[in-house]
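Read the structure below first, then the notes.
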Amino acid sequence: MSAPGLLDKFTPVASLRDALAATGRNPTGMVTERLLSPTLGIIEGRETILAGTNNYLGLTFDPACIAAGKQALDEFGTGTTGSRMANGSFALHQSLEAEMADFYGQAYGMVFSTGYAANLGMLSALLGPGDAVLLDADAHASLYDGCRMSGAQIFRFRHNDVASLEARLRRLGEQSRRALIVVEGLYSVFGDIAPLPEICALKHQYGAYLMVDEAHSLGVYGDTGRGVAQAQGVEDAVDFTVGTFSKSLGATGGYCVSNNPVLQLIRYTSRPFIFTASGSPSVIATTREALHQVRTRPQLRSQIWNNARRLYAAFQEMGFNLGCTVPSPVLAVRFSQREEAFACWHGLIEAGVYTNLMVPPASPDGSSLLRVSVSAAHTAEQVEQIISAFAKVVMPVQQRVSESATAA
Ligand code: PMP
């Protein structure tokens, strides 16, 4: 037999794709044909409630954001045609950087083209060979990739496990002063949050640095929407806050804010900042307006939390095995079998509710689950429709499983 060729690695990928297609619906390739609102779309020709987006504040159709985007198209054109360092820094980008810093009460702000680029750009610049990075095991792929790109030594600690983090810091000894701890605020699959006060205490004890990714918590957690560090009262201990504009702000782009003047130097050393085109004018303009909405409409946060609490209570009542123990805008309904999760995901789409299906190896802990997210823009009626669909489709499956477990 001849040695494997360059493209042979795609054979199992093709089998996986074909197996998914054979189920009648490919969960990795769902298409929304038309959008009727932030929470309602046409999927397979049917009106479907979107309960698997990251549109936490429902700002994608906000009239002021849309107007700001249109105005920027008229005034600045469709694209920047270059990177921030060359010709792609417009007044809009600078204003957004200043506004992000001001929103967070930090000295410096930096805007990247995506959230993925922000994480790659920050980590590959902050870390290098000889440094250590302590990374939560459930951290997003962009955080992993940034760490890998940096050449630093990577130490994973168990998800949200402070003892596991401390054991690794202790083992580092003197090197802990060259260590960066990297965690998220709200974890986007299970809807659980990082124990930041304990993590900050360890950071101080061992002289390490801390970066928190507030991608899913921006606009949602904290008194003014700055995220989980604000909600937990530890913002002063966070060295670098990163995040994205692609979720609660309904656009694309990423950011870092910090009081550390090093952030201004990262502009000169971060390849994912330097070697990619900057965000399009209309995207930056809608982001700026969305940030303004976050700052001036606290009711958006009350609305999402009202919806989150209602859904959490209903799912608790139905006895679902959830990924978090307190209400959260993201809920993960776990299944013991991959096939059950698949069947329920199909059933929910047929009942007019779109959720995110996650099965191994894509899910963080190897479980099969449906990720459900709420938005400030879901009406009370839509939340009740999501609950009814789960009662009809998911509850019977979960009950059957628990009955057979009891009988066994
Ligand atoms: N960080 C986290 C925690 C994320 O969940 C994501 C996106 N899912 C990103 C960063 C990347 O953001 P973007 O999609 O805006 O590139």
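Start at 1 and go down the list; that is how both ligands and their atoms are numbered.
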Is it true that [Y] and [X] share a donor-acceptor pair across their side chains at a distance under 3.5 Å?
{"X": "S282", "Y": "S280", "value": "no"}
{"X": "T241", "Y": "E214", "value": "no"}
{"X": "D136", "Y": "H159", "value": "yes"}
{"X": "N55", "Y": "S375", "value": "no"}

After noting the C-alpha distance and the side-chain angles of E198 and K203, does the key distance pass the salt bridge (charged side-chain N to carboxylate O under 4.0 Å, His left out) rule? CA-CA 9 Å; E198 290 88 342; K203 163 210 134 116; over 6 Å; no
What distance do I43 atom CD1 and R34 atom CZ have between them, rounded to the nearest 0.5 Å?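 So the CD1 of I43 and the CZ of R34 are separated by 12.5 Å.
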Which protein residues have a heavy atom closer than 4.0 Å to any atom of ligand 1, listed by chain and number?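 T114, G115, Y116, N119, H140, S142, E184, D213, A215, H216, T244, S246, K247.
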